[in-house]
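Below is one structure, written out as structure tokens; comments come after it.
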Amino acid sequence: QSHLVESGGGLVQPGGSLRLSCSASGLNLDDYAIAWFRQGSGKEREGVSAINSDGGRTEYVEFVKGRVAIARDFAMHTVNLQMNDLKPDDSGTYYCAAAHKHGQKFGPSELPPAVYAVWGQGTQVTVSS
């Protein structure tokens, strides 16, 4: 059965950086739009960033713009999320999710979470001093 695997989470101090990685089993990640979502304790799941299948288009939610960069590594078949200047509010479980092609739409701003057919189990990010 196809699934995604997130890695790279951990404990970091405010202002620190983490690089999350999303890989796949049972499917070719390069064929899908990939989005990162997060869910903090007691909070609803929210979209963070997304990248289309060819890597040419990206999307970021306002609260991470300038601090986060999403990119595909086609050699490794992964999608990476570089997060800098982390803040305590960035804490939560981060999930990557894969969506089939939906025309030009690829990110959480235009696609509801239910459209993402394959999800990972999540990786925990804790930002604390």
Side-chain angles (χ1 to χ4, degrees):
Q1 189 171 358
S2 303
H3 62 277
L4 305 182
V5 179
E6 302 92 343
S7 61
L11 173 64
V12 64
Q13 292 186 343
S17 299
L18 283 174
R19 182 172 176 265
L20 306 184
S21 185
C22 177
S23 61
S25 176
L27 61 90
N28 185 351
L29 212 59
D30 301 346
D31 294 336
Y32 295 79
I34 301 298
W36 284 93
F37 294 81
R38 73 184 186 190
Q39 186 165 18
S41 179
K43 298 180 181 179
E44 293 187 356
R45 181 177 53 189
E46 57 189 355
V48 176
S49 181
I51 190 166
N52 72 338
S53 57
D54 68 17
R57 297 173 63 202
T58 58
E59 174 182 298
Y60 301 95
V61 294
E62 193 62 36
F63 54 78
V64 301
K65 282 182 179 177
R67 302 190 295 122
V68 167
I70 190 170
R72 288 188 177 271
D73 184 334
F74 288 103
M76 299 297 291
H77 302 294
T78 61
V79 173
N80 302 314
L81 189 71
Q82 177 67 42
M83 303 192 296
N84 302 318
D85 190 24
L86 284 163
K87 308 177 187 302
D89 283 349
D90 293 319
S91 298
T93 302
Y94 282 69
Y95 303 89
C96 64
H100 293 287
K101 192 175 176 63
H102 282 76
Q104 296 300 310
K105 299 178 180 180
F106 66 96
S109 68
E110 295 179 301
L111 298 177
V115 171
Y116 294 86
V118 187
W119 290 75
Q121 293 297 308
T123 186
Q124 182 67 35
V125 171
T126 303
V127 185
S128 175
S129 55

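If you check the side chains of Q82 and N84, you find a donor sitting under 3.5 Å from an acceptor.
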Could you list the donor-acceptor pairs under 3.5 angstrom formed between side-chain atoms of residues 120-129 and any protein atom two or more places apart in sequence or on another chain?
{"residue": "T123", "atom": "OG1", "partner": "G9", "partner atom": "N", "Å": "3.1"}
{"residue": "Q124", "atom": "OE1", "partner": "T93", "partner atom": "OG1", "Å": "2.9"}
{"residue": "Q124", "atom": "NE2", "partner": "G92", "partner atom": "O", "Å": "3.4"}

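Smallest separation of non-hydrogen atoms from I51 and V79: CG2-CG1, 3.9 Å. The two residues R38 and D89 make their nearest non-hydrogen contact at NH2-O, 3.8 Å.
No donor-acceptor pair under 3.5 Å is formed between the side chain of R72 and the backbone N or O of G56. The main-chain N or O of R67 is never found under 3.5 Å from a side-chain atom of D85 such that the two would form a donor-acceptor pair. Here the side chain of Y60 pairs no donor or acceptor atom with the backbone of G66 at under 3.5 angstrom.
In terms of hydrophobic clustering, with Ile, Leu, Val, Met, Phe, Trp and Tyr side chains grouped at heavy-atom distances under 4.5 Å, Y95 and M83 are assigned to different clusters. In this structure, W36 is a member of the same hydrophobic cluster as L27, with clusters built from ILVMFWY side-chain heavy atoms closer than 4.5 Å. Linking ILVMFWY side-chain heavy atoms closer than 4.5 Å, directly or via other members, places L81 and V5 in two distinct hydrophobic clusters.
Of the inter-residue distances, the one linking K101 atom NZ with D54 atom CG reads 7.5 Å to the nearest 0.5 angstrom. Note that CD1 of I34 is 8.0 Å distant from CD1 of I70, once rounded to the nearest 0.5 Å. From L20, atom CG reaches atom OG of S49 across 10.5 Å, with rounding to the nearest 0.5 Å.
In this structure, the ring-ring contact (aromatic ring centres under 6.0 Å, His included) partners of F37, at least two apart in sequence or on a different chain, are Y116, W119. Residues satisfying the salt bridge (Lys or Arg N to Asp or Glu O under 4.0 Å) test with E110, not counting sequence neighbours, are none.
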